[in-house]
Amino acid sequence: MSDEIPSYPVGDLTGQSPPIDWSAPVKVDVSFVKGKTILVTGGASGIGAGFCKRWASYGANIIMGDISVAAGEDLIRGLRQSTGNPNHHFVEVDISNWESQVRFFQEAVRLSPTGAIDTVVANAGVNIQSEQKFFNDPATANYLDPASVPPPPQMRTLDVNLTGTLYTAHLALWFLSKNTGPNPPENTPRDRHLLLIGSVGSVYPLISQSFYTISKHAIMGLFRVLRMTSVAVHGIRVNMICPYFVDTSLLSSRAGFLLAGGGMGAVEDVVQAGSVFVSRPDIVGRAVFVGPRLATRVCQSENSVGDMPEIHSLSDIAIGPLDEGHAKALIQEGDDGVVQERAIWEIYSTDFQNVDVFTKRMVRLVNAYGAARGWSGYFMDMFTSVKKVMWGLIRR
Ligand SMILES: NC(=O)c1ccc[n+]([C@@H]2O[C@H](COP(=O)([O-])OP(=O)(O)OC[C@H]3O[C@@H](n4cnc5c(N)ncnc54)[C@H](O)[C@@H]3O)[C@@H](O)[C@H]2O)c1
């Protein structure tokens, strides 16, 4: 037996596409979006509204669900007027309620001119400060009797961001799989796509935002699980966007104060990332972070992670847009790095083996264990499983 520890190309086996080079503008195929039916949750304001407006302008049929009825109806009225397309619809939905989401998806199929859904965008989300404050520090609730125990915490943020998004994903897997006809307008094979909206909180702990961070970490977990199976099993591609702080109604004014000076992401850049994913059926299983637009000098070294530059000093970055002055200022620092302006960065560009040292070593360890056990280990495990099934049948 060879001493070499095998590595398994998980990405290749599960149909993921390679990392995207976001350092230059990435092509959006507008003609591919035309005629598609796109379902967006939480599209009445902020990032979701940005998605709806952009994709309606590309010729998609937008079916948008939101808990906020007046704002949702307003937006759809505006889209019908600006595009002349009567196939944009608003449906009231509370994503944390199963029956409500089922109705939303059923309505979407009924209203879609093709009778099917092509893309589902799980965008709706909340970040409720009061419940997180109480959870983090129950002693601050001064109405409590010090001798008693606190009541159970309110967890609406988890109900919406986690349970609600899981409902959306589950229904997407069901309804997208039913979309079997040819792809308008070119009769190419049908594209089925689920786009998850995470957050910087999917990869980074946001201090004091316990429920929000937990919910968005969970969505990253969901993404990482689904991208391993959903293309292979259901023919559904899954991608994810993790925006940095963006100035929408979700961001509290307190957060605005805390973040002052740090810069923000822009709805427009999040929408650009979403447009690349929605319009490019060749992109499968990718996650991006969308941050403030800035120009950097990229110096790859052995410590670089994916295409993320290492910043050594303030002279390595400039606040975008990248005009002549900024570019020159960076280049004149005198190294051979490349200057680029961007807001979108691939997150798991070199996974799975390289996500972090622990995963890498653990994967090697487990691979080595499997290889060392060889075929006899495989047959032993199979035998144990068959034995369990037999016992189950006998005991019935
Ligand atoms: N704004 C940011 O800084 C930021 C950063 C990272 C990620 N995000 C994520 O982007 C997504 C969109 O947020 P946004 O910034 O546009 O905020 P937003 O408040 O402008 O939009 C959220 C929308 O979701 C809707 N919604 C809330 N609860 C709902 C429910 N139970 N059912 C249906 N709709 C519901 C709201 O009515 C609203 O229209 C969220 O998932 C959010 O977590 C936002």
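Counting starts at 1 for both ligands and their atoms, in listed order.
Residue contacts with ligand 1, taken as heavy atom pairs separated by less than 4.0 Å, involve Tyr244 solely via the backbone atoms N, CA, C and O. Counting heavy atoms closer than 4.0 Å to ligand 1, residue Asp94 contributes atoms from both its backbone and its side chain. At a 4.0 Å heavy-atom cut-off, ligand 1 touches Leu251 through the side chain alone. With a heavy-atom cut-off of 4.0 Å, Met264 does not touch ligand 1 at all.
Of all atoms in ligand 1, numbered sequentially from 1 with element shown, those under 4.0 Å from a heavy atom of Ser199 are 6 (C), 7 (C). For ligand 1 and Phe245, the ligand atoms under 4.0 Å from any heavy atom of the residue are 3 (O). Atoms of ligand 1 lying under 4.0 Å from any heavy atom of Gly125, numbered from 1 in the order shown and given with element: 22 (C), 24 (O), 27 (C), 40 (C), 41 (O). Of all atoms in ligand 1, numbered sequentially from 1 with element shown, those under 4.0 Å from a heavy atom of Val93 are 32 (N), 33 (C). Within the listing of ligand 1, atoms 11 (C), 12 (C), 40 (C), 41 (O) sit less than 4.0 angstrom from a heavy atom of Asn123. Here is the list of ligand 1 atoms found below 4.0 Å of a heavy atom in Val126: 27 (C), 28 (N). Atom numbering of ligand 1 starts at 1 in the shown order; those under 4.0 Å from a heavy atom of Tyr212 are 6 (C), 7 (C), 8 (N), 9 (C), 42 (C), 43 (O), 44 (C). Listed by number with element, the atoms of ligand 1 under 4.0 angstrom from any heavy atom of Ala124 are 24 (O), 34 (N), 35 (C), 41 (O).
Not one N or O of Ser96 is nearer than 3.5 Å to an N or O of ligand 1, by distance alone. At under 3.5 Å, a nitrogen or oxygen of Ile47, whether backbone or side chain, sits near a nitrogen or oxygen of ligand 1. Residue-to-ligand polar distances place Val246 within reach of ligand 1: an N/O pair is separated by less than 3.5 Å. For ligand 1, one of its N or O atoms has an N or O atom of Ile95 under 3.5 Å away.
From the protein, the heavy atom lying nearest to atom 23 (C) of ligand 1 is Gly42 O, 3.4 Å. Among protein heavy atoms, atom 20 (O) of ligand 1 sits closest to Ser45 OG, 2.8 Å. Ranking protein heavy atoms by distance to atom 13 (O) of ligand 1, first place goes to Leu250 CD1, 4.1 Å. Counting protein heavy atoms only, atom 7 (C) of ligand 1 is closest to Gly198 O, 3.1 Å. Atom 34 (N) of ligand 1 has as its closest protein heavy atom Ile67 N, 3.4 Å. Ranking the protein heavy atoms by distance from atom 6 (C) of ligand 1 puts Pro243 O, 3.1 Å first. In terms of protein heavy-atom proximity, atom 14 (P) of ligand 1 is nearest to Thr248 OG1, 3.4 Å.
The closest approach between any non-hydrogen atom of Ser249 and ligand 1 is below 4.0 Å. Ligand 1 has at least one atom lying under 4.0 Å from a heavy atom of Asp66. Contact annotation: Gly265 has no heavy atom less than 4.0 Å from any atom of ligand 1. At least one heavy atom of Arg156 sits under 4.0 Å from some atom of ligand 1.
At least one test fails for Lys34 against the ring of Phe32: distance under 6.0 Å to the centre or angle within 45° of the axis. Judged by the 6.0 Å and 45° rule, Lys387 forms no cation-pi pair with Trp391.
Between Trp375 and Tyr378, the angle of the ring planes goes over 60°, which puts this pair in the perpendicular group of the 30/60° scheme.
Of the charged side-chain nitrogens involved, none lies within less than 4.0 Å of a carboxylate oxygen, so that Glu131 and Arg156 do not count as a salt-bridged pair. By the 4.0 Å N-to-carboxylate-O rule, Arg192 lies too far from Asp118 to be salt-bridged with it. Salt-bridge formation is not detected for the pair Asp269/Arg342: no Lys NZ or Arg NE/NH1/NH2 atom is positioned less than 4.0 Å from an Asp or Glu carboxylate oxygen.
Within the 3.5 Å criterion, the main-chain N or O of Ser208 finds a donor-acceptor partner in the side chain of Asn136. With hydrogens and angles disregarded, no donor-acceptor distance shorter than 3.5 Å links the side chain of His170 to the backbone of Leu166. Side-chain N or O atoms of Asn123 include one that pairs as donor or acceptor with a backbone N or O of Gly42 at under 3.5 Å.
Looking only at atom types and distance, the side chain of Gln272 has a donor-acceptor partner in the side chain of Arg54 under 3.5 Å away. In this model, no donor atom of one side chain and acceptor atom of the other lie less than 3.5 Å apart for Arg110 and His89. Residues Gln132 and Asn127 have side chains that bring a donor and an acceptor to within less than 3.5 angstrom of each other.
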*How far apart are the C-alpha atoms of Asp94 and Ser96, what are their side-chain angles, what is the distance that settles it, and do they pass the side chain to side chain donor-acceptor pair (under 3.5 Å) test?*
CA-CA 5 Å; Asp94 174 357; Ser96 66; 2.8 Å; yes
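The local environment of CH2 in Trp98 is crowded, with over 12 non-hydrogen atoms from other residues, nucleotides or ligands closer than 6.0 Å. Within 6.0 Å of the CD atom in Glu73, the count of heavy atoms belonging to other residues, nucleotides or ligands exceeds 12.
Using a 4.5 Å heavy-atom threshold, the side chains of Val93 and Thr41 count as separate.
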